[in-house]
Each structure stands twice: as C-alpha cells, then as structure tokens.
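Side chains included, hydrogens not; waters and symmetry mates left out as well; all remaining heavy atoms used.
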Amino acid sequence: MRKTAKRMTSVVVAAGFLTAAACTPAPPHAPPDTREQDAAAIKKADTEAGGAATARNVDALMAFYTDDVTFMPPNAAMVTGRDNVRKYLTDMMNMPDFSIAWTPTRAEAARSGDVGYSIGTYHAMFTAPDGNMVMEDGKYTTVWKKQADGSWKLAVDMFNSNMPLPAPAAKKKE
C-alpha cells in the first residue's frame, strides 16, 4: 500500500509539473531586427526634409517634425512645439538671400525600432541685418521617432556652425 501511495504521489506531482509547464506562456520572441531598414528610412526622410528646406518650403519641411519637436539652433534659445518651430523656420527662410542645403552622412536606429538619429553637414547663406553676406558651414544631429504609420519624424533638431567665433572686441583703455 505504501508503494502504491508513493507511486501515486509521484504521478500526481509529475502531472502537476507537466500541467504547470504547459500553462506557462512561452518567452516572447524578439522582434525582427529592422535596424538596417530603419536607418535607411531615417536617412531617406532626412534627405527629403533637406530638399524641402533647400526649396524654402516651410509647409513641406514641417511635415517631417513631431508635434512636440525641440529645435536647437546655434546662438539662440531652444524652440519647442510645431507652431514655434514653424515661426522660427519661416523667419529664417525669409531672410534676404537665404539658402540652405544639408547632407546626412550617417543614420542609425535603435534595436527597438522606435527611435533613431542622423548626423550630417550643412551649408547656409544669407544676408545679415548689417548687409554682409554670411556663408556658414556646419554640422547637425537629429533624433527621429517612428510614428504609428511607420513613418519617421524629427523629434529633436540641433545644428551648429563650424565657423570660428569672432574675436572678442578690444577693451577700451581709459
């Protein structure tokens, strides 16, 4: 009788383990690695945004920005939100003789597939308020977020000049 009870207990315990194992959800599978495709899509979107900027088409350029975009121009305060960025870009592109062209040189995307960045170079020209022509070469970094529809939009846009800072004004002797 003892042997039968022992066997029965072993069978019940084994059946319990098998039932528990069968009911435990399988570990989630990692999503497919789309980093290469996402990086290519970011670089393509960055190139298209550059085309809109070169054409001085603010509406087309704004289509590449998220609603809560953060724009960080050189020598100026941070600009947040689509409406404020639109105003900044409109003012910038309305400067006399304004032109800009940029080229993304690298793009990468996170393994998660929801965020990425691009870096590149730009060349801008405009006539300053003092009447002098300004030609500027610089670099930029952008952070892109994948949208629900699979498109990529700019969440952070930061750029700065390669040009040296002007020499400080000489102090007047008293």
Side-chain angles (χ1 to χ4, degrees), residues 34-110 112-174:
T34 60
R35 286 178 287 188
E36 191 174 316
Q37 298 93 321
D38 290 335
I42 289 168
K43 199 167 191 179
K44 181 179 185 281
D46 195 349
T47 300
E48 291 172 357
T54 298
R56 296 170 64 164
N57 186 336
V58 175
D59 290 335
L61 182 55
M62 289 308 299
F64 290 94
Y65 286 100
T66 60
D67 289 338
D68 62 347
V69 62
T70 299
F71 191 74
M72 294 188 271
N75 307 312
M78 186 168 26
V79 182
T80 57
R82 287 178 61 84
D83 292 339
N84 296 325
V85 170
R86 175 184 296 280
K87 180 179 179 345
Y88 188 94
L89 290 172
T90 299
D91 292 347
M92 184 175 73
M93 291 184 183
N94 283 331
M95 291 172 27
D97 305 313
F98 177 83
S99 70
I100 190 165
W102 70 70
T103 304
T105 56
R106 187 169 88 202
E108 292 191 25
S112 61
D114 60 348
V115 69
Y117 71 91
S118 62
I119 59 174
T121 59
Y122 72 88
H123 179 76
M125 294 187 338
F126 57 91
T127 300
D130 64 6
N132 289 321
M133 177 59 86
V134 175
M135 289 191 278
E136 180 178 280
D137 290 310
K139 64 268 186 198
Y140 68 90
T141 302
T142 53
V143 177
W144 296 78
K145 287 185 179 179
K146 188 180 262 185
Q147 305 302 294
D149 66 0
S151 67
W152 288 90
K153 293 207 177 199
L154 281 158
V156 179
D157 190 351
M158 184 170 101
F159 57 103
N160 56 60
S161 176
N162 292 339
M163 310 308 280
L165 290 173
K171 290 185 179 180
K172 293 181 182 181
K173 294 182 182 178
E174 292 183 25

Within 6.0 angstrom of Met158 CE, more than 12 heavy atoms from elsewhere = no
How about Asp83: does its CG atom have over 12 heavy atoms from other parts shown lying under 6.0 Å from it?
-> no
Among Asp46, Asp38, Asp114, find the one that has a side chain to side chain contact (heavy atoms under 4.5 Å, CB included) with Trp144.
->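 That would be Asp46.
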May I have the step-by-step check of side chain to side chain contact (heavy atoms under 4.5 Å, CB included) for Val143 and Val115, ending in yes or no?
-> CA-CA 7 Å; Val143 177; Val115 69; 4.0 Å; yes
Please give me the minimum heavy-atom distance between [X] and [Y], naming the atom from each residue.
| X | Y | answer |
| --- | --- | --- |
| Ala109 | Ile42 | CB-CD1, 4.2 Å |
| Ala63 | Lys153 | O-NZ, 3.2 Å |
| Tyr88 | Ala76 | OH-CB, 4.2 Å |
| Tyr65 | Leu61 | CD1-O, 3.4 Å |
| Met93 | Ala53 | CE-CA, 3.8 Å |
| Gln147 | Thr66 | NE2-CG2, 4.0 Å |

What residues form a side-chain hydrogen bond (donor to acceptor under 3.5 Å, both in side chains) with Lys139, not counting sequence neighbours?
->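 In terms of side-chain hydrogen bond (donor to acceptor under 3.5 Å, both in side chains), with neighbours along the sequence ignored, Lys139 is linked to Asn160, Asn162.
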Residues passing the ring-ring contact (aromatic ring centres under 6.0 Å, His included) test with Phe98, sequence neighbours excluded, are none
ring-ring contact (aromatic ring centres under 6.0 Å, His included) partners of Phe64, counting only residues at least two apart | none
Pairing of Arg86 and Asp59 as salt bridge, 4.0 angstrom limit |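 Yes, Arg86 and Asp59 are salt-bridged.
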Can you tell me how far apart [atom1] ([X]) and [atom2] ([Y]) are? Round to the nearest 0.5 Å.
| X | Y | atom1 | atom2 | result |
| --- | --- | --- | --- | --- |
| Leu154 | Ser118 | CG | OG | 7.0 Å |
| Ile119 | Arg106 | CD1 | CZ | 4.0 Å |
| Arg82 | Phe71 | CZ | CZ | 13.0 Å |
| Ile100 | Met95 | CD1 | CE | 10.0 Å |

Looking at Tyr117 versus Tyr140, is the centre-to-centre ring distance below 6.0 Å?
-> no
Met92 side chain near Leu89 side chain, heavy-atom distance below 4.5 Å =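 Yes, their side chains come closer than 4.5 Å.
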Side chains of Met72 and Asp157: does their closest heavy-atom pair fall under 4.5 Å?
-> no
Could you pull out all donor-acceptor pairs under 3.5 Å where a side-chain atom in residues 124-135 meets a protein atom, sequence neighbours excluded?
unit_1 : atom_1 : unit_2 : atom_2 : d
Thr127 : OG1    : Asp97  : OD2    : 2.4
Asp130 : OD1    : Asn132 : N      : 2.9
Asp130 : OD1    : Asn132 : ND2    : 3.4
Asp130 : OD2    : Asn132 : ND2    : 3.1

Check: Thr70/Thr80 side-chain N/O donor and acceptor closer than 3.5 Å | no
Which pairs, with at least one residue in residues 48-57 and sequence neighbours excluded, count as a side chain to side chain donor-acceptor pair (under 3.5 Å)?
->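 Those involving residues 48-57 are Lys44-Glu48.
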Residues two or more places apart in sequence or in another chain: which of them pass salt bridge (charged side-chain N to carboxylate O under 4.0 Å, His left out) with Lys43?
->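 Applying salt bridge (charged side-chain N to carboxylate O under 4.0 Å, His left out) to Lys43 gives none.
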